[in-house]
Chemist: 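Let me give you the structure first, and then I'll get to my questions.
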Amino acid sequence: MFVLQVLVVVVLVVAAVVTLVLKARTDRFQAARARSLAAAASFAHGPSLPAAIRGPDPSAVLQPLAESARRAAGVDFIVVMNRDGIRYTSPRPDWIGKKFVGTIGPSLDGHVTIEQVRGPMAAEVQAVVPVSDGGRVVGMVSAGLNPGKVSSAISQQLPFVLGAGAAALVLAMAGTALVSRRLRRQTHGLDPAEMTRMYEHHDAVLHAVREGVVIVGGDGTALLVNDEARRLLGLPTDAEGRPVSGLGLDPRMTDLLASGRAVTDEVLPVGGRLLAVNNRPTYPDEDADGSVATLRDSTELRELTGRAEVAQRRLRLLYEASVAIGTTLDVTRTAEELTEVATRWFADYASVDLADPVLRGDEPPSGSYPQAPELHRVAVTGAYGGPPLYQVGEVYAYHPNTPMARVLVSGRPVLVSDVSAAAEWRAGDPGRTRKILELGLRSLITVPLTARGVLMGVANFWRTADNPRLDQDDLVLAEELAARAAVCVDNARRFTREHAMAVTLQRSLLPRGLPEQNALDVAHRYLPARSGVGGDWFDVIPLPGARVALVVGDVVGHGLHAAATMGRLRTAVQNFATLDLPPDELLGHLDELVGLIDYDTAPAGDEPAVAGATCLYAIYDPTDGICTLARAGHPLPVLVRPDGTVDFPELPAGPPLGLGGLPFEAAELRLPEGSSLVLYTDGLIRGRERDIGSGLAILRTVLGVPGRAPEETCEAVLEALPPDRRSDDIALLVSRTRRMDADRIAAWDVPYEPSAVAGARADITRQLTEWGLEEMVFATELILSELITNAIRHAAGPIGVRLLYDRTLICEVSDTSSTSPHLRYAADEDEGGRGLFLVSQLSDRWGTRYYARGKIIWAELALP
């Protein structure tokens, strides 16, 4: 063995030396080729070389250059020659003009030639490179180098390699000698007792470890089984030497040990234990069969793992509860979310019962109750063997002996792990407990829903007989779940209260009913937003002269501020309407008011926030069918003609209220009798699932039905454009026009002279007689005589008189003056000033309105 090892080392050293020598020779030739080619190419590509070759004396010019380049490049020679191979330069001047020794044919064709030749100096590697000028070869450059002059790194390393080989040989010989000596020392002279002692030590260690070891041969025989393996597997003492299949093990364990397949920490149940098994081949790098298995008892570890999984599961439940419960500010939906989460994780059936004040948004009394109050069943989730104990919406009071009543009185949760064993409950409420048991409900946890010291109701979690009973861990989990849900229920309750208050305020600011008038047949709808009240409003305002004003508006934003702003604007519109202002002037005054509201509501020192609002104001006159409209940033109205034609009349687009600085314009429309004018807010046509364009298209389609009453129109519009989650208020006002009969209108001109008053009185008497209003002749004559006389005395002609027989008798006197009369108290010695006093006493109301050519003084008298 020693000689063989020496021979192997010698052979390796010789092989390495031969390889290095051959490699060094090859490297020298390669280096000589590369250096020769680089020197020849560099010199041949010089920019002045072609001109020097064609010069009168090339050798005189090129010889010093070539020698300088040769020394710099470290080559043996650099020779410049002409196309015939005659040298112009040479390291030996006496060779200049002689024929070059080498192959020059390929270079004349423009190719580079590299060859190994024996030249005049020695065996050399030379390169011949053509010199081109304008694409034509005018000469050649050759450079050469003796490979022996090229030093090789391998040649320099060869002495070290030889030295290393010799050292390796010496070390191998010394190592072999030492190993042989040590082996002889460990084996020779060792008696049987010492070998036996070594085996006993090995056996003692193997059987003392707290990990089972089983070695199985390739034929499935148990070769070695230590004491821990016998204990864990329940094996007999003579298990060694017997087939594994005959040891009475669990089939899965038998299959694993007999197959010998590799596994890592595979958990197998054996008896009452869980064993972690690792199995590996005995000889993993050889073809021999057999395996060794190690066994560890992981029962306690699995119990700890199970507890960790329970804790993690509880955390997941609480996380899901925090995400899934309280997604809306609705009390009922929040209760439903609580039952859904509970039945998805730890209960088979869950229900939530709340006190009546909670559903209304009110706050129940603080603390617990002296006795169980009436509760509303709000949510039920889960399935079991029958219908729920109480239906959703049912109102009931728990029996005093029930766990639910105890929770409401004490304010603390109750666990009933076995309903059948709850003697007090069964005795106090036998009918209900019997039904519970018949339905298969087995255990119960009932917890209070308490938030901010207020007990709002109870949550009940049940399990059926098909699942494990509820325990203390489940009670803790139910308490945490109910605590989180109670806060969400309380938030929803508070929102319900605030929303109800806001809606109540908003509805109190809207019209409670429509005023009586004969000009329009009106229907309306108002739908508040679900998430918060807004500032939409509408109004129908009777005006003098049997006219009617229609108003629809929308305040920007939601909440109490928007509702209050809406109330202020609606009151302002009514006040401005009593002044009988044209629509464009009324919107101008309203715009100034919105600007004042912005400044009033802005906090001290802050820039005023723009409240903003849109509004459309229209005045319809039934005597001539003229409707005057103006809008401030509001959607266009819809005009439905009697034949069903639908138009969106183009009105001047004024800016929204509150911007200020821009005037408003009014437009007049002549409406045929029976036409419908539809006014609305943008909440009707715009939503999350549709834009304004599609909303207007649907509105045009649904309104294109002739002869439909306003109430029917409102129903059809809301059915075709259902509110989309009611994120915004909706105000809809539909009015169908009427015309005053011509025989109920009397008008004539009065000459501009005092004597014409008598003739006017006669005309008034005749007209009232035709209408059957003889009882009103005296008062009407007196009122119109006074108004006509004032017009003659204080205004300029022409003067017009008109009587309208409507719900009241309307008397109108028009003139071209813009001076308005004022009621005053006349002194005893005054000769005048009592006319308007008589007018105010004889009429129900009177006033003045202006138009483009003057004013109209009117008075209304109640019909008998």
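Just so you know, these numbers use all the heavy atoms, side chains as well, and skip hydrogens, waters and symmetry mates. Predicted model, so just to flag it, every value in this text is computed and none were measured.
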Chemist: Distance alone, cut at 3.5 Å: any donor-acceptor contact between the side chains of D729 and Y526?
Modeler: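 Yes.
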
Chemist: Would a 4.5 Å heavy-atom cut-off, applied to side chains only, mark Q517 and V522 as touching?
Modeler: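 They are in contact (side-chain heavy atoms under 4.5 Å apart), so the answer is yes.
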
Chemist: Is any NZ, NE, NH1 or NH2 atom of the basic residue among R463 and D348 found under 4.0 Å from an Asp or Glu carboxylate oxygen of the other?
Modeler: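 No, this pair does not count.
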
Chemist: Look at R570 together with D539 and state whether they make a salt bridge at an N to O cut-off of under 4.0 Å.
Modeler: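 A salt bridge is present here (some side-chain N lies under 4.0 Å from a carboxylate O).
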
Chemist: Answer with yes or no whether the side chains of R738 and N518 bring together a donor and an acceptor at under 3.5 Å.
Modeler: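 Absent: no donor and acceptor within the cut-off.
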
Chemist: Measuring from atom CG of L677 to atom OG1 of T737, what distance do you get when rounded to the nearest 0.5 angstrom?
Modeler: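 Answer for the CG-OG1 pair, L677 versus T737, is 8.5 Å.
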
Chemist: Distance check, rounded to the nearest 0.5 Å: M456 atom CE versus T450 atom OG1?
Modeler: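 So the CE of M456 and the OG1 of T450 are separated by 7.0 Å.
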
Chemist: Assess, by modelled atom type and distance only, whether the side chains of Y349 and N460 contain a donor and an acceptor separated by less than 3.5 Å.
Modeler: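 No, no side-chain donor-acceptor contact under 3.5 Å.
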
Chemist: Between R333 and E340, is there a salt bridge with N-O shorter than 4.0 Å?
Modeler: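 Between R333 and E340 there is a salt bridge, with a charged N closer than 4.0 Å to a carboxylate O.
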
Chemist: One thing to verify: whether D418 and R442 come together as a salt bridge, which I'm taking to mean a side-chain N less than 4.0 angstrom from a carboxylate O.
Modeler: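 Salt bridge between R442 and D418, a charged N being under 4.0 Å from a carboxylate O: no.
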
Chemist: Give me the one residue out of V555, V556, V594 that meets side chain to side chain contact (heavy atoms under 4.5 Å, CB included) with T565.
Modeler: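 Of all the options given, the one that passes is V555.
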
Chemist: Testing V414, V352, L408, L449 one by one against V458 for a side chain to side chain contact (heavy atoms under 4.5 Å, CB included), which residue passes?
Modeler: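 Answer after filtering V414, V352, L408, L449: L408.
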
Chemist: Closer than 4.0 angstrom, basic N to acidic O: yes or no for E479 and R412?
Modeler: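 Judged by the 4.0 Å cut-off on N to carboxylate O distance, E479 and R412 do not form a salt bridge.
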
Chemist: Is any side-chain heavy atom of V416 less than 4.5 Å from a side-chain heavy atom of S443?
Modeler: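 Not in contact.
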
Chemist: Measure from the side-chain N and O atoms of T334 to the backbone N and O of D330, and report whether any donor-acceptor pair falls under 3.5 Å.
Modeler: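 At least one qualifying donor-acceptor pair exists.
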
Chemist: For the side chain to side chain contact (heavy atoms under 4.5 Å, CB included) test, which of V552, L684, V638, L733 pairs with V678?
Modeler: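 Of V552, L684, V638, L733, side chain to side chain contact (heavy atoms under 4.5 Å, CB included) with V678 is met by V638 alone.
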
Chemist: Just how far is it from atom OG1 of T614 to atom CG of D554, taken to the nearest 0.5 Å?
Modeler: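 The distance works out to 4.5 Å.
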
Chemist: State whether a side-chain donor-acceptor pair under 3.5 Å links N575 with T578.
Modeler: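 Not at all, the side chains of N575 and T578 share no donor-acceptor pair under 3.5 Å.
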
Chemist: Are a donor atom and an acceptor atom from the side chains of E336 and T381 found within less than 3.5 Å of each other?
Modeler: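 Absent: no donor and acceptor within the cut-off.
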
Chemist: Going from OH on Y680 to CG on L699, what distance comes out if it is rounded to the nearest 0.5 angstrom?
Modeler: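 If I round to the nearest 0.5 Å, the distance is 6.0 Å.
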
Chemist: Report, as yes or no, whether the 6.0 Å neighbourhood of atom CD on Q574 holds more than 12 heavy atoms from other residues, nucleotides or ligands.
Modeler: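 Yes, CD of Q574 has more than 12 neighbouring heavy atoms, counting only those of other groups under 6.0 Å.
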
